[in-house]
Amino acid sequence: MSKNTPKAIRGTQDIFGADAEAFAFVVETFERVRRLYRFRRAEFPVFEKTEVFARSLGETTDVVSKEMYSFEDRGGDSLTLRPEFTAGIARAYLTNGWQQHAPLKVATHGPLFRYERPQKGRYRQFHQIDAEIIGAAEPQADVELLAMADQLLRELGIEGVTLHLNTLGDADSREAWRAGLIDYFGKVRGDLSEDSQERLEKNPLRILDSKDPRDKAFLSDAPKIDAYLSDEALAFFESVTSGLDAASVKWTRAESLVRGLDYYRHTAFEFIPDEGSAAADALGTQSTVLGGGRYDGLMESLGGPATPAVGWAAGIERLIMSIGEREEAPLEAMVLVEHDAGLAEANRLLANLRAGGVVAEIMATGSLKKRYDKAVKQGPKHILRVNETGYYSISGEGDTSRIVAAINAETSP
RNA sequence: GCGAUCGUAGCUCAGUUGGUUAGAGCGCCGGUUUGUGGUACCGGAGGUCGGGGGUUCGAGACCCCUCGAUCGCCCCA
């Protein structure tokens with residue numbers, strides 16, 4: 001490679017071969033499952049006005065303050081490449097008058113952008129599948145959304161992943177809990193890690209999942225959300241869990257599972273690989289494979305009416321790591337042109353084979369020996385030989401009926 | 001933003017305490033053998049050793065800077 005060949009942008013990836021097949025498998029499976037649950041397909045802009053994210057995520061969050069790809073366009077507007085789906089979908093819901101479709105179930109997928117240090121399972125351009133239910137306040141929506149996620153993971157063949165479930169309560173419960181945590185951790189502030197001392201100011205809930213041993217000593221006695229839940233919030237959570245049980249979605253209570261963003265209420269969840277599972281090994285420390293929650297506070301932050309909603313997103317790259325590589329479609333028929341005079345006949349054959357649904361390739365360059373060598377290396381089930389007089393024989397084991405039918409088919413006009 | 005490890009051919013890597021024209025396997029191209037199909041053999045192309053400075057008679061190797069990769073921390077899917 002010449003030194004003046006431009007390199008790829010840090011944190012981006014060129015996906016090819018078995019990984020690309022796995023990527024397609026994830027998207028195709030998601031599309032199939034999403035139809036079963038009647039989620040409607042939607043596409044959204046890759047960039048939005050910066051305020052869409054700044055207002056919904058909160059100016060002080062790490063994502064907004066230091067991880068967004070923001071730029072000024074030629075008209076002087078500040079735009080941002082989407083760092084997540086939810087804010088843009090909320091904006092679309094409000095600006096398009098989609099209240100008329102409420103409760104609206106939407107599914108989408110595509111690239112997202114975050115200026116972060118790349119590491120295992122994290123990229124600056126990454127890809128997610130995403131599902132949201134907007135305008136539904138009932139716990140039934142949470143149940144349906146989670147059932148869909150659970151079925152998707154199973155259909156992807158991902159084993160050893162468990163739904164970790166928590167509730168953050170309604171706005172009042174959440175605030176009271178937050179105050180309780182600040183009070184509790186504030187008393188031992190000096191003994192906390194530097195990171196957690198900072199979290200105490202910015203994001204006290206996050207202290208709960210600190211990995212620092214200095215913090216862990218205080219976690220077991222920390223106030224629990226359950227002590228602050230209103231009757232309504234508790235009833236909501238119980239409806240969700242009983243619904244999951246009825247739908248046989250396995251889950252485990254995760255009292256320290258929280259969300260960094262303020263707009264989350266009630267249900268919060270992540271699908272996390274069990275310790276020691278193959279998926280856990282494959283994912284390293286980026287353990288969460290699918291996560292989401294209820295975000296009843298979001299629409300108002302964008303100037304819309306109070307609108308309840310739940311959603312989740314899953315990183316396609318992480319799903320790929322959990323399911324491993326996928327084979328490309330096997331080659332069924334290799335048309336081997338022994339003599340250049342047979343090229344026209346070979347092209348006729350190829351057209352017929354492919355029209356008949358047969359996976360076919362042509363080999364027509366190099367010496368005769370090279371042609372056979374290269375043809376064999378591609379592992380075709382059958383080789384169709386063509387010489388200067390045309391097609392003359394087929395070799396290989398197994399059923400050839402589809403191929404023979406295609407060979408003999410009338411040439412399409 | 002912080003830390004650790006690493007960057008040699010298209011790919012995977014070797015390269016002894018610094019010492020002549022930087023190597024191997026695979027892949028690619030050409031050829032020989034073979035029964036016009038997986039074999040074996042012969043030959044060839046392909047590297048300013050990530051980039052830039054420095055130390056030295058001499059740097060792929062040592063030092064500094066920089067870019068990138070990988071794995072952690074923060075944050076998060």
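Chain letters run A, B, ... following the sequence lines, proteins first, then strands; residues in each count from 1. The figures here come from the full heavy-atom set of this structure, side chains too, leaving out hydrogens, waters and symmetry mates.
- Between A:Leu146 and the choices A:Val310, A:Leu290, A:Leu244, the side-chain contact (heavy atoms from CB on, under 4.5 Å) rule is met once, by A:Leu244.
- In this structure, A:Ile383 reaches the bases: a heavy-atom distance under 4.0 Å links it to at least one base atom across the strands shown.
- For the C1' atoms, the distance from B:rC76 to B:rC6 is 26 Å, rounded to whole Å.
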A:Thr162 and A:Ile272: CA distance, side-chain angles, deciding distance, side chain to side chain contact (heavy atoms under 4.5 Å, CB included) verdict: CA-CA 5 Å; A:Thr162 303; A:Ile272 300 175; over 6 Å; no
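- The side chain of A:Glu67 approaches B:rC75 more closely than any other nucleotide in the set B:rA69, B:rC75, B:rA77.
- Rounded to an integer number of Å, the gap from A:Gln119 CD to B:rG68 C1' is 16 Å.
- With rounding to the nearest 0.5 angstrom, the CZ atom of A:Arg91 is 9.0 Å from the CZ atom of A:Phe53.
- For the side chain to side chain donor-acceptor pair (under 3.5 Å) test with A:Glu317, the passing option among A:Gln13, A:Arg122, A:Lys120, A:Gln128 is A:Gln13; the others fail.
- Of the side-chain N and O atoms in A:Arg206, none sit less than 4.0 angstrom from OP1 or OP2 of B:rC75.
- Of the candidates B:rG37, B:rA77, B:rG3, the closest approach to any side-chain atom of A:Thr288 belongs to B:rA77.
- Pairing for B:rU36 is absent, judged as Watson-Crick or G-U wobble with the two contacts each under 3.5 Å.
- Taking the ring axis of A:Tyr115 as reference, the NZ or CZ atom of A:Arg124 stays within 45° of it and closer than 6.0 Å to the ring centre.
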Evaluation steps, side chain to side chain contact (heavy atoms under 4.5 Å, CB included), between A:Phe23 and A:Ile316: CA-CA 7 Å; A:Phe23 193 110; A:Ile316 296 178; 3.6 Å; yes
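- If you measure from atom CG of A:Asp215 to atom C1' of B:rC73, you get 13 Å, rounded to the nearest angstrom.
- The separation of B:rA24 from B:rC41, taken at their P atoms, amounts to 15 Å, rounded to a whole angstrom.
- Residue-level contact check: A:Asp373 touches the backbone only, with heavy atoms under 4.0 Å from sugar-phosphate atoms and none from bases.
- Closest-nucleotide positions on RNA chain B for A:Gly315 and A:Ile9 were compared, and the one nearer the 5' end corresponds to A:Ile9.
- Computed from coordinates, the A:Leu331 CG to B:rG37 C1' distance equals 14 Å when rounded to whole Å.
- Closest approach of A:Lys374 to A:Thr365, counting heavy atoms only: NZ-OG1, 3.9 Å.
- When rounded to the nearest whole Å, the span between NZ of A:Lys7 and P of B:rA69 equals 9 Å.
- Residue A:Asp373 forms a salt bridge (charged side-chain N to carboxylate O under 4.0 Å, His left out) with just one option from A:Lys369, A:Lys370, A:Lys377, A:Arg371, and that option is A:Lys369.
- Between the side chain of A:Arg122 and the base of B:rC75, at least one donor-acceptor pair of N or O atoms lies under 3.5 Å.
- When each of A:Asp226, A:Thr167, A:Thr241 is tested with A:Arg253 by the rule side chain to side chain donor-acceptor pair (under 3.5 Å), just one qualifies, namely A:Asp226.
- Only the C1' atoms considered, B:rG46 is 14 Å distant from B:rG23, to the nearest whole Å.
- Nucleotides B:rU21 and B:rC49 are separated by 14 Å at their P atoms, to the nearest Å.
- Put simply, CZ on A:Arg10 is 13 Å from P on B:rC71, counting in whole angstrom units.
- The side chain of A:Arg259 has B:rA77 as its nearest neighbour among B:rA77, B:rC74, B:rC76.
- Checking B:rC62 for Watson-Crick or G-U wobble geometry (two distances, each under 3.5 Å) identifies B:rG54 as its partner.
- For the pair A:Arg318 and B:rC76, the criterion of a side-chain N or O lying under 4.0 Å from OP1 or OP2 is not met.
- Rounded to whole Å, the P atom of B:rG35 lies 38 Å from the corresponding atom of B:rG10.
- Closest to the A:Pro118 side chain, of the nucleotides B:rU70, B:rC73, B:rG37, is B:rU70.
- With C1' as the reference atom, B:rG68 and B:rA22 are 23 Å apart, rounded to whole Å.
- In this model, the phosphate group of B:rC73 is approached by a side-chain N or O of A:Lys211 to a distance below 4.0 Å at OP1 or OP2.
- Residues A:Arg294 and A:Pro308 share a closest heavy-atom pair of NH1-CB, 3.6 Å.
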Shorter than 3.5 Å, N or O on both sides, protein versus nucleotides 26-36 of chain B: list them out with atom names.
unit_1: B:rC29; atom_1: OP1; unit_2: A:Lys374; atom_2: NZ; d: 3.3

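- For B:rA4, the paired base is B:rU70 (Watson-Crick or G-U wobble, both distances below 3.5 Å).
- If you take CD1 of A:Ile129 and C1' of B:rA77, they are 10 Å apart, rounded to a whole angstrom.
- For B:rG25, the paired nucleotide is B:rC11, the pair qualifying as Watson-Crick or G-U wobble because both relevant distances are below 3.5 Å.
- At whole-Å resolution of the value, CG in A:Leu57 and P in B:rC75 are 16 Å apart.
- Distance, A:Asp195 CG to B:rG3 P: 14 Å, rounded to whole Å.
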Evaluation steps, salt bridge (Lys or Arg N to Asp or Glu O under 4.0 Å), between A:Arg114 and A:Glu84: CA-CA 9 Å; A:Arg114 242 120 100 161; A:Glu84 58 138 38; 5.7 Å; no
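- In this structure B:rC41 sits in a base pair with B:rG31, meeting the Watson-Crick or G-U test at under 3.5 Å.
- Only one option out of A:Glu132, A:Arg259, A:Arg265 pairs with A:Tyr295 in a side chain to side chain donor-acceptor pair (under 3.5 Å); it is A:Glu132.
- Within 4.0 Å of A:Gly11, counting heavy atoms only, lie sugar-phosphate atoms of the nucleic acid but no base atom.
- Judged by distance alone with a 3.5 Å cut-off, a donor-acceptor contact links the side chain of A:Glu116 to the base of B:rA77.
- Within residues 150-159 of chain A, no residue places a heavy atom under 4.0 Å from RNA chain B.
- Distances shorter than 4.0 Å separate none of the side-chain N or O atoms of A:Arg117 from OP1 or OP2 on B:rU70.
- The nearest pair of heavy atoms linking A:Asp215 to A:Ser210 is OD2-OG, 2.7 Å.
- Using P as the reference atom, B:rA14 and B:rG58 are 29 Å apart when rounded to the nearest Å.
- For the P atom pair drawn from B:rU48 and B:rU8, the interatomic distance equals 13 Å after rounding to whole Å.
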